[in-house]
K.L.:
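To start, I am sharing the structure in question, which I have written as structure tokens.
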Amino acid sequence: MAAPQSWYRWNDAILELRVKVQTQCRDEGLAGVSGGCLRVRVKAPPVDGKANKRLLEILAEAFGVAKSRVQLVHGAGSRQKWIRVEHPETFPEPLRSALDAASRVEKSTKAV
């Protein structure tokens with residue numbers, strides 16, 4: 001079996017993501033996968049947990065799950081964080097494209 005990608009891993013039906021947060025942005029949302037992280041932009045400032053709270057709300061909406069099913073696992077005071085999404089219902093762009101590309105790479109390495 002191929003090694004898991006550096007920015008995500010599956011633990012049964014739980015998706016764990018490495019996320020890099022950009023705070024105080026004009027626009028919010030997923031900004032793609034780069035540098036080994038899913039990049040997410042939030043309007044909230046990194047004060048009193050406001051950016052973390054907004055990050056979890058954005059991810060819950062993006063994956064079609066309740067906020068209670070998205071948890072900050074590691075990195076509360078850092079721009080880079082590990083997030084756990086329990087039983088994601090949907091896979092939003094750009095994550096879907098990145099997962100598809102990673103899946104194709106894993107399949108090609110298994111065939112060798």
Side-chain angles (χ1 to χ4, degrees):
M1 186 167 124
Q5 298 300 307
S6 61
W7 58 274
Y8 78 93
R9 62 182 172 228
W10 283 99
N11 186 2
D12 293 324
I14 296 172
L15 178 62
E16 295 177 346
L17 300 166
R18 183 180 303 198
V19 175
K20 184 170 185 178
V21 181
Q22 188 175 356
T23 60
Q24 298 178 322
C25 294
R26 186 174 307 170
D27 298 319
E28 288 188 318
L30 305 182
V33 176
S34 67
C37 296
L38 172 64
R39 297 172 49 90
V40 181
R41 295 183 179 126
V42 299
K43 290 181 182 179
V47 177
D48 298 328
K50 291 178 183 179
N52 287 337
K53 180 181 178 193
R54 186 63 188 133
L55 168 67
L56 298 179
E57 292 169 349
I58 289 170
L59 291 174
E61 183 177 322
F63 285 99
V65 299
K67 289 183 276 185
S68 62
R69 289 173 43 188
V70 181
Q71 298 174 318
L72 175 61
V73 177
H74 182 72
S78 172
R79 287 181 184 237
Q80 289 194 12
K81 305 168 186 308
W82 274 101
I83 304 293
R84 180 177 293 144
V85 181
E86 297 177 16
H87 306 278
E89 300 288 329
T90 62
F91 293 94
E93 285 297 339
L95 186 62
R96 187 178 322 130
S97 296
L99 286 170
D100 288 345
S103 176
R104 284 193 298 273
V105 169
E106 286 180 19
K107 287 177 184 175
S108 70
T109 58
K110 286 180 185 178
V112 173

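Throughout, residue positions are numbered sequentially from 1 according to the sequence presented.
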K.L.:
Determine whether more than 12 heavy atoms belonging to other residues, nucleotides or ligands lie under 6.0 Å from atom NZ of Lys81.
P.N.:
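Yes, the 6.0 Å shell around NZ holds more than 12 heavy atoms from other groups.
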K.L.:
One thing to verify: whether Arg9 and Glu16 come together as a salt bridge, which I'm taking to mean a side-chain N less than 4.0 angstrom from a carboxylate O.
P.N.:
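Salt bridge: yes.
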K.L.:
Distance from Leu15 atom CG to Trp10 atom CH2, nearest 0.5 Å?
P.N.:
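If I round to the nearest 0.5 Å, the distance is 4.5 Å.
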K.L.:
Look at the side chain of Glu28 and the backbone N and O of Lys43, then say whether any donor-acceptor pair between them is shorter than 3.5 Å.
P.N.:
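Between the backbone of Lys43 and the side chain of Glu28 there is a qualifying donor-acceptor contact (under 3.5 Å).
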K.L.:
Do other residues, nucleotides or ligands put more than 12 heavy atoms under 6.0 Å from Gln24 CD?
P.N.:
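Yes, the 6.0 Å shell around CD holds more than 12 heavy atoms from other groups.
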K.L.:
How long is the gap from NE2 on His74 to CD on Gln80, to the nearest 0.5 Å?
P.N.:
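With rounding to 0.5 Å, NE2 (His74) is 9.5 Å from CD (Gln80).
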K.L.:
Kindly give the heavy-atom pair with the smallest separation between Lys50 and Pro45, and that separation in Å.
P.N.:
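So the minimum-distance heavy-atom pair works out to CB-O, 3.7 Å.
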K.L.:
Working to the nearest 0.5 angstrom, can you tell me the gap between Leu30 CG and Glu61 CD?
P.N.:
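CD of Glu61 is found 9.5 Å from CG of Leu30.
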K.L.:
So how far is it from Ser68 OG to Leu56 CG, rounded to the nearest 0.5 Å?
P.N.:
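Atom-to-atom, Ser68:OG and Leu56:CG are 11.0 Å apart.
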K.L.:
Which atom names give the shortest non-hydrogen contact between Ala51 and Thr23, and what distance separates them?
P.N.:
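Heavy atoms of Ala51 and Thr23 come nearest at CB-CG2, 3.6 Å.
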K.L.:
How about Trp7 and Val33: do any of their side-chain heavy atoms sit closer than 4.5 Å?
P.N.:
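They are in contact (side-chain heavy atoms under 4.5 Å apart), so the answer is yes.
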K.L.:
Using atom types as modelled and distance alone, determine if a side-chain donor or acceptor of Arg69 lies under 3.5 Å from a backbone N or O of His87.
P.N.:
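Looks like yes, one N/O pair under 3.5 Å.
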K.L.:
Taking all heavy atoms of Asp27 and all of Arg41, pick out the closest pair and write down the distance.
P.N.:
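Shortest heavy-atom separation between Asp27 and Arg41 comes out as O-CB, 3.4 Å.
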K.L.:
Between atom CD of Glu57 and atom NZ of Lys67, what is the distance when rounded to the nearest 0.5 Å?
P.N.:
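Going from CD on Glu57 over to NZ on Lys67, the span is 4.5 Å.
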K.L.:
Report the distance from atom CD of Glu86 to atom CD of Gln71, rounding to the nearest 0.5 Å.
P.N.:
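Answer for the CD-CD pair, Glu86 versus Gln71, is 5.0 Å.
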K.L.:
Leu72 versus Ile83: any side-chain heavy-atom pair under 4.5 Å?
P.N.:
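They are in contact (side-chain heavy atoms under 4.5 Å apart), so the answer is yes.
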K.L.:
Verify the neighbour count for atom CG of Asn11: are there more than 12 heavy atoms of other residues, nucleotides or ligands below 6.0 Å?
P.N.:
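Yes, the 6.0 Å shell around CG holds more than 12 heavy atoms from other groups.
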